[in-house]
Amino acid sequence: MFKNLSYLAGFIVGILLVVVFYAVLCLIAKKKGKSQDGEVNQYDERQLLARGRAAQMGFCVTVLYMFCVGIVKPDVSQDLLMYFGGCLGLAAFAITCIIKDAYFPVSSRPAVMILVLIAGAVVNLLFGITHWSSVEAIYRLNLYVGIMLVVILLVLVGKVIYEKIGVREEEE
């Protein structure tokens, strides 16, 4: 799996950077998520139920995809196919949550998530396009993740625009 010691060291440093970055984001979210009375913004019961159903949908999409891949047996790297199935399940979960209005906690704004999705999509698309002709097919996964993030971003932006139009129509 690891070709040499420097590759292993880079892998470990990358994992540690992700953990540190995630911890910093959690701290920021915890401080920003508190309302004036000190309570943390949470999902309501309807959103929790919708997120549970969305998780079931994502799981079913992933299992169905892997079943189909097992039957068809395409001549592509199995690692790439399994990661792609995970991306499909994650996209199904995210899109279902967005449509069911369970993607954000109550009274939160989607601007930060939109920026994060844009950044993730751009980085993955650039890396995926520059490494498309790589010998190892696993590098093509970045292109697929970038496309998945663009689709989620488009659904999210569409939902935000749809809700803003609905609010304007109610005011008139």
**Study point:** Joint hydrophobic cluster, Ile98 plus Ile165, side-chain heavy atoms closer than 4.5 Å
**Key:** yes
Atom pairs and distances, donor-acceptor, side-chain atoms in residues 149-161, under 3.5 Å, two or more places apart:
unit_1	atom_1	unit_2	atom_2	d
Lys159	NZ	Ile99	O	3.3

Exercise for review: Go through the structure and list residues passing side chain to side chain contact (heavy atoms under 4.5 Å, CB included) with Ile12, not counting sequence neighbours.
Suggested key: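 Per chain and number, Ile12 pairs via side chain to side chain contact (heavy atoms under 4.5 Å, CB included) with Leu8, Leu16.
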Search all heavy atoms of [X] against all heavy atoms of [Y] and return the closest pair with its distance.
X: Leu141; Y: Phe84; value: CD1-N, 4.2 Å
X: Thr62; Y: Gly85; value: OG1-O, 3.5 Å
X: Val69; Y: Met82; value: CG1-CE, 4.0 Å

Review point. Under the salt bridge (charged side-chain N to carboxylate O under 4.0 Å, His left out) test, which residues partner Lys100, sequence neighbours left out?
Key: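 Salt bridge (charged side-chain N to carboxylate O under 4.0 Å, His left out) check on Lys100 returns nothing, list empty.
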Shared-cluster residues of [X], by chain and number - hydrophobic side chains joined below 4.5 Å:
X: Ile71; result: Phe67
X: Leu17; result: Val13
X: Tyr162; result: none
X: Phe59; result: Val63

**Study point:** Point-to-point distance, once rounded to the nearest 0.5 Å, from CZ of Arg53 to SG of Cys60
**Key:** 12.5 Å
Point to revise | Pairs flagged by side chain to side chain donor-acceptor pair (under 3.5 Å) wherever residues 87-97 is involved - sequence neighbours left out | key: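 Applying side chain to side chain donor-acceptor pair (under 3.5 Å) to every pair that reaches into residues 87-97, excluding sequence neighbours, yields nothing.
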Study note, to complete from the structure: Residues pairing under side chain to side chain donor-acceptor pair (under 3.5 Å) where one sits in residues 8-23, two or more places apart or in two chains, turn out to be none
Donor-acceptor pairs under 3.5 Å, side chain of residues 86-95 to any protein atom, not counting sequence neighbours: which ones?
none

Practice item. Flag the pair Tyr83 / Val145 as yes when at least one side-chain heavy-atom distance between them is below 4.5 Å, and no otherwise. Key: no
Point to revise | Met57 atom CE, over 12 foreign heavy atoms within 6.0 Å | key: no
Tabulate below the donor-acceptor pairs under 3.5 Å that side-chain atoms of residues 112-128 make, not counting sequence neighbours, or state none.
unit_1	atom_1	unit_2	atom_2	d
Asn124	OD1	Asn142	ND2	2.8
Asn124	ND2	Gly120	O	2.9

